[in-house]
Student: 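This is the structure I want to talk about, given as structure tokens.
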Amino acid sequence: MEKEELLKRMEEAVKAYDEEEARRLAEEAIRMGLDPVEALEKGLAKGLREVGDRFGRGEAFITELIAAAQAMEAGAEILNREIERRGAAREAVGRFLIGTVEGDIHSIGKNIVATMLKAAGFEVIDIGVDVPTQTFVEKVREFKPDILGLSALMTTTMMKQKEVIEALKEAGLRDQVKVIIGGAPVTEEWAREIGADAVGLDAASAVEASLRLIGAK
Ligand code: B12
């Protein structure tokens with residue numbers, strides 16, 4: 001099978017809510033030596049975003065969105081493992097604390113970013129989804145990460161990224177940690193407005209910006 005065809009089939013598998021097929025194609029991608037990040041972004045995630053767009057236009061039900069996300073996750077699990085394997089056995093370049101903000105349960109993008117960061121040599125502490133602002137503050141105090149990553153997938157929860165940065169200031173921790181934000185609705189402008197140190201628009205730029213923040217690139 002050609003690479004383009006495989007990517008297209010991955011996209012189709014997610015749109016067809018076919019977990020089994022997504023898993024099978026992910027394994028096929030690895031067997032073919034395809035870049036697992038490309039398979040995630042240009043295959044599986046492409047299908048998922050399309051279902052998301054249909055949902056946004058009122059043309060798909062939430063049950064369909066959930067089914068598509070499950071197919072994406074089935075394939076992503078296999079590809080994430082390959083990404084980690086490829087980046088294994090590196091010395092830690094820095095410590096990264098990541099989570100999705102309060103009120104937001106989207107985890108797929110965050111998980112991909114976490115995996116890519118691990119592959120790039122970061123020690124990653126993932127504190128999950130729907131994380132209250134004060135928990136971010138407590139965990140920064142506890143783990144003393146070099147970088148804090150805040151994921152938000154909805155325009156309504158983006159405000160929490162701002163809230164976390166404010167809370168870090170109040171706790172006197174803001175100058176001890178770099179903050180990088182990400183998620184579909186997030187822009188460079190928003191990052192500037194709320195005083196974040198960087199923004200990651202996709203997993204690759206998230207890694208690049210993080211290495212830059214710790215001065216490793
Ligand atoms: C999958 C999905 C779901 C799944 C989530 C499953 C899971 N385990 O994550 C389910 C079905 C559960 C879901 C639920 C809901 N969803 Co939803 N969902 C999506 C969808 C289709 C895709 C998101 C995704 O996984 N994309 C694939 C990944 C790879 O991309 P990504 O998340 O953007 O991540 C990349 C970058 O953003 C970046 N990044 C992400 N995080 C971070 C963090 C850092 C630190 C950095 C540097 C970078 C970074 O790197 C990632 C990798 O490239 C989006 C549509 C969209 N266009 O985004 C809607 C979407 C986000 N959902 C939406 C909505 C409305 C909801 C619900 C409210 C629906 C409902 N009525 O219940 C609930 C919300 C529940 C809640 N409280 O959070 C809306 C949000 C609208 C808005 N207000 O902005 C969207 C945009 C759909 C739409 N068009 O209407 N959803």
Side-chain angles (χ1 to χ4, degrees), residues 10-11 14-15 17 19 22 36-77 79-80 83 96-120 122 124-132 136 145-161 164-165 177-188 190-191 194 196-213:
M10 291 183 114
E11 179 190 332
V14 173
K15 288 198 273 187
Y17 325 122
E19 281 181 50
V37 179
E38 195 176 353
L40 273 172
E41 299 269 3
K42 296 191 180 151
L44 298 174
K46 200 162 167 227
L48 185 60
R49 291 200 179 103
E50 245 188 75
V51 178
D53 289 345
R54 269 198 268 136
F55 174 76
R57 293 194 300 267
E59 294 164 14
F61 293 111
I62 182 73
T63 45
E64 296 176 279
L65 196 56
I66 293 169
Q70 280 166 348
M72 160 100 200
E73 280 179 293
E77 201 186 310
L79 293 169
N80 279 340
I83 295 170
F96 199 107
L97 182 71
I98 192 167
T100 303
V101 297
E102 188 169 14
D104 198 323
I105 60 159
H106 294 88
S107 63
I108 298 173
K110 168 185 69 62
N111 293 349
I112 293 175
V113 170
T115 302
M116 291 273 291
L117 287 165
K118 276 187 217 161
F122 280 91
V124 179
I125 302 159
D126 185 344
I127 53 173
V129 298
D130 191 14
V131 178
F136 277 114
D146 300 292
I147 308 178
L148 169 65
L150 301 171
S151 185
L153 260 288
M154 300 190 285
T155 47
T156 45
T157 53
M158 273 165 73
M159 283 308 291
K160 292 284 174 183
Q161 294 177 324
V164 173
I165 292 176
V177 65
K178 300 283 184 195
V179 178
I180 180 168
I181 59 168
V186 171
T187 60
E188 304 244 358
W190 175 242
I194 67 173
D197 298 296
V199 58
L201 300 177
D202 55 37
S205 75
V207 170
E208 200 171 307
S210 300
L211 289 170
R212 208 174 341 104
L213 284 180

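Only this structure's heavy atoms are used, side chains among them; waters, hydrogens and symmetry mates stay out. Order of appearance sets the numbers: ligands from 1, and atoms from 1 within every ligand.
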Student: Just to be sure I read this right, does ligand 1 sit under 4.0 Å from the backbone of V51, its side chain, both, or neither, counting only heavy atoms?
Tutor: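 Near ligand 1, V51 shows nothing, with every heavy atom at 4.0 Å or more.
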
Student: Between D202 and ligand 1, which residue portion shows a heavy-atom distance shorter than 4.0 Å: side chain, backbone, both, or neither?
Tutor: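 Near ligand 1, D202 shows its backbone as well as its side chain.
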
Student: Under 3.5 Å, is there a donor-acceptor pair between the E64 and Y17 side chains?
Tutor: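 Distance-only check passes for E64 and Y17.
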
Student: Just distances here: any N/O of A45 and N/O of ligand 1 closer than 3.5 Å?
Tutor: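 Between A45 and ligand 1, no N or O pair is found under 3.5 Å apart.
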
Student: Mind checking whether D130 has a heavy atom under 4.0 Å from ligand 1?
Tutor: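 The answer is no: ligand 1 sits nowhere under 4.0 Å from a heavy atom of D130.
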
Student: Looking only at distances, please establish whether an N/O atom of ligand 1 is found under 3.5 Å from an N/O atom of D53.
Tutor: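 D53 vs ligand 1: no N/O contact under 3.5 Å.
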
Student: Give me the residue, atom name and distance of the protein heavy atom closest to atom 39 (N) of ligand 1.
Tutor: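 Answer for atom 39 (N) of ligand 1: G183 N, 3.5 Å.
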
Student: Considering only the protein, which heavy-atom contact is closest to atom 41 (N) of ligand 1, and what is its distance?
Tutor: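 For atom 41 (N) of ligand 1, the nearest protein heavy atom is S151 OG, 2.8 Å.
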
Student: Who's the nearest protein heavy-atom neighbour of atom 53 (O) of ligand 1, and how far?
Tutor: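 Among all protein heavy atoms, the one nearest atom 53 (O) of ligand 1 is E41 OE2, 2.8 Å.
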
Student: Tell me whether T156 has any N or O atom under 3.5 angstrom from an N or O of ligand 1.
Tutor: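 No, T156 has no N/O under 3.5 Å of an N/O on ligand 1.
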
Student: Among protein heavy atoms, which lies nearest atom 24 (C) of ligand 1, and at what distance?
Tutor: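 Protein heavy atom at minimum distance: L48 CD2, 3.7 Å.
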
Student: Below a 4.0 angstrom heavy-atom separation, can you tell me which part of V129, side chain or backbone, both or neither, approaches ligand 1?
Tutor: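 Looking at V129 and ligand 1, no heavy atom falls under 4.0 Å.
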
Student: Return the set of residues passing side-chain contact (heavy atoms from CB on, under 4.5 Å) with T187 (not counting sequence neighbours), or none when no residue passes.
Tutor: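 Residues passing side-chain contact (heavy atoms from CB on, under 4.5 Å) with T187: E189, W190.
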
Student: Please step through side-chain contact (heavy atoms from CB on, under 4.5 Å) for the pair L213 and D146, ending with a clear verdict.
Tutor: CA-CA 9 Å; L213 284 180; D146 300 292; over 6 Å; no

Student: Taking it one step at a time, do R49 and E41 satisfy side-chain contact (heavy atoms from CB on, under 4.5 Å)?
Tutor: CA-CA 10 Å; R49 291 200 179 103; E41 299 269 3; 4.1 Å; yes

Student: Could you say whether the N/O atoms of I181 and ligand 1 ever approach to under 3.5 Å?
Tutor: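 I181 vs ligand 1: no N/O contact under 3.5 Å.
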
Student: Measure from atom 48 (C) of ligand 1 to the protein's non-hydrogen atoms and state whether any distance is below 4.0 Å.
Tutor: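 Looking at atom 48 (C) of ligand 1, one finds that a protein heavy atom does lie closer than 4.0 Å.
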
Student: Could you name all protein N, O or S atoms found under 2.8 Å from atom 17 (Co) of ligand 1?
Tutor: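 The answer, once waters are left aside, is H106 NE2.
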
Student: Starting from atom 29 (C) of ligand 1, find the nearest protein heavy-atom neighbour and note its residue, name and distance.
Tutor: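 Its nearest protein heavy-atom neighbour is I112 CD1, 3.6 Å.
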
Student: When you compare ligand 1 with I108, is there at least one nitrogen or oxygen pair between them that comes in under 3.5 angstrom?
Tutor: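 N/O-N/O distance below 3.5 Å exists for this pair.
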
Student: Around atom 11 (C) of ligand 1, find the nearest protein heavy atom and jot down its residue, atom name and distance.
Tutor: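 Scanning the protein heavy atoms, the shortest distance from atom 11 (C) of ligand 1 goes to I66 CG1, 3.5 Å.
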
Student: Quick one: list whatever passes side-chain contact (heavy atoms from CB on, under 4.5 Å) with D130, sequence neighbours left out.
Tutor: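 Once residues adjacent in sequence are excluded, the partners of D130 under the side-chain contact (heavy atoms from CB on, under 4.5 Å) criterion are E102, I105.
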
Student: Which residues pass the side-chain contact (heavy atoms from CB on, under 4.5 Å) test with T100, sequence neighbours left out?
Tutor: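 Here the qualifying residues are D104, K110, V129, S151.
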
Student: Using a strict cut-off of 4.0 Å, indicate which atoms of ligand 1 neighbour a heavy atom of T155.
Tutor: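 Atoms satisfying the 4.0 Å criterion: 82 (C), 83 (N), 84 (O).
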
